[in-house]
Amino acid sequence: MGSDAKGKVDPADAAIDVLAGAVAGAATADTGEAAAGTPATAASSASEAPAAPAAGGANGGLASVPQIVELADQLSACADQLHERIMRDIRAWDGGIVPAHVQACARALLEDELLLRQRANGLYADAATFVVKSLGKSQAGVVALTTAAAEKIRKIALIGDVTGLVAGLLSLAGAASTGQAAAIILALDKIHTHIKDIETHRKPATPGTKSLSR
């Protein structure tokens with residue numbers, strides 16, 4: 001690509017950078033507000049939360065305030081991985097004009113990232129409210145699944161392929177805020193299905209192609 005092309009700033013590319021900065025700023029503000037209120041909220045509400053089942057029990061997932069906070073941590077980590085991956089793929093165009101469909105994908109995923117952070121922060125703020133009485137899934141299983149999702153976001157060759165996975169994480173975050181076991185299990189199954197689909201259908205990236213391309 002010529003030096004003139006590299007010296008130009010594409011308006012749409014610049015807009016994505018602005019949106020990314022806004023996402024990061026909003027997430028930082030939301031995290032700060034949630035962190036300020038979380039200790040008091042969790043402490044004052046801990047006595048109201050149902051006692052967690054015995055450690056290692058099959059129904060122990062999301063059954064206590066610390067476990068809800070742990071899920072929020074996992075969802076925040078997924079949002080971090082998503083943001084890093086989006087920006088890495090945008091920078092791969094090396095200052096050139098980013099195609100419209102790539103910009104659209106980046107914008108959509110940045111909006112998903114912000115929503116995921118907002119829902120995670122909501123779990124931090126009101127953890128005691130969202131304790132699930134009987135999930136039927138272990139906490140270790142929930143954590144392992146969300147950890148695997150973060151890893152797929154980081155490593156998958158085509159970031160467009162994680163769109164369904166991110167939708168599953170958003171479903172989980174929303175379901176957790178209802179405290180309804182059935183909705184949470186459905187979201188966990190959705191994430192599991194998308195992870196398996198990615199593992200089954202993943203193809204090596206073609207040398208020289210841009211990873212946000214579809």
Side-chain angles (χ1 to χ4, degrees), residues 16 19-35 38 61-62 65-91 105-127 130 132 135 137-180 183-202 211-212:
I16 289 178
L19 177 58
V23 167
T28 300
D30 286 347
T31 301
E33 293 173 2
T38 298
L62 307 181
V65 169
Q67 289 177 340
I68 296 292
V69 171
E70 185 176 26
L71 174 61
D73 287 341
Q74 291 292 112
L75 294 173
S76 295
C78 287
D80 290 342
Q81 289 293 347
L82 182 58
H83 185 85
E84 290 177 11
R85 185 57 195 276
I86 295 166
M87 300 315 297
R88 184 170 77 241
D89 282 15
I90 286 293
R91 294 188 193 103
C105 180
R107 289 192 183 96
L109 288 173
L110 284 168
E111 290 171 359
D112 284 345
E113 177 207 340
L114 178 57
L115 182 56
L116 189 57
R117 291 187 189 280
Q118 290 173 337
R119 290 183 178 177
N121 290 339
L123 292 178
Y124 284 127
D126 298 304
F130 306 133
V132 182
L135 180 60
K137 300 281 187 180
S138 69
Q139 182 71 8
V142 173
V143 170
L145 195 60
T146 49
T147 299
E151 189 69 0
K152 293 300 179 191
I153 290 171
R154 184 173 72 88
K155 289 186 173 181
I156 192 68
L158 299 176
I159 198 170
D161 290 346
V162 307
T163 301
L165 183 56
V166 172
L169 290 167
L170 287 171
S171 294
L172 175 59
S177 68
T178 70
Q180 299 298 314
I184 294 171
I185 290 174
L186 185 63
L188 289 171
D189 288 343
K190 183 177 182 179
I191 294 171
H192 181 266
T193 297
H194 281 295
I195 287 175
K196 290 300 181 184
D197 286 345
I198 289 172
E199 291 174 347
T200 301
H201 301 111
R202 182 174 56 193
S211 41
L212 264 176

Novice: State plainly whether the residues K155 and E151 are in salt-bridge range, i.e. N to O under 4.0 Å.
Specialist: yes
Novice: Can you name the side-chain contact (heavy atoms from CB on, under 4.5 Å) partners of Q81, sequence neighbours left out?
Specialist: E84, A150, I153, R154
Novice: Could you measure the distance from the CG atom of L110 to the CD1 atom of I90? Nearest 0.5 Å is fine.
Specialist: 8.0 Å
Novice: Report the distance from atom CG of D161 to atom OG1 of T163, rounding to the nearest 0.5 Å.
Specialist: 7.5 Å
Novice: What is the minimum heavy-atom distance between L116 and A173, and which atoms define it?
Specialist: CD1-CB, 4.2 Å
Novice: Mind checking side-chain contact (heavy atoms from CB on, under 4.5 Å) for L115 and listing every partner two or more places apart, or none if nothing turns up?
Specialist: Q118, R119, L170
Novice: What heavy-atom pair brings A149 and I195 nearest, and what distance separates the two atoms?
Specialist: N-CD1, 3.9 Å
Novice: Quick one: side-chain contact (heavy atoms from CB on, under 4.5 Å) partners of I185, sequence neighbours excluded?
Specialist: L135, K137, D189
Novice: Find the distance between NZ (K152) and NZ (K196) and round it off to the nearest 0.5 Å.
Specialist: 8.5 Å
Novice: Working to the nearest 0.5 angstrom, can you tell me the gap between I86 CD1 and C105 SG?
Specialist: 7.5 Å
Novice: Under 3.5 Å, which donor-acceptor pairs do the side chains of residues 68-80 form with other protein atoms, sequence neighbours left out?
Specialist:
unit_1: E70; atom_1: OE1; unit_2: Q139; atom_2: NE2; d: 2.8
unit_1: D73; atom_1: OD1; unit_2: Y124; atom_2: OH; d: 2.4
unit_1: Q74; atom_1: NE2; unit_2: V143; atom_2: O; d: 3.4
unit_1: Q74; atom_1: NE2; unit_2: T146; atom_2: OG1; d: 3.0
unit_1: Q74; atom_1: NE2; unit_2: T147; atom_2: OG1; d: 2.8
unit_1: S76; atom_1: OG; unit_2: A72; atom_2: O; d: 3.0
unit_1: D80; atom_1: OD1; unit_2: R117; atom_2: NH1; d: 2.8
unit_1: D80; atom_1: OD1; unit_2: R117; atom_2: NH2; d: 2.9

Novice: Can you measure from CG (N121) to CG (D126) and round to the nearest 0.5 angstrom?
Specialist: 11.0 Å
Novice: When rounded to the nearest 0.5 angstrom, what is the spacing between CG in L165 and CD1 in I156?
Specialist: 9.0 Å
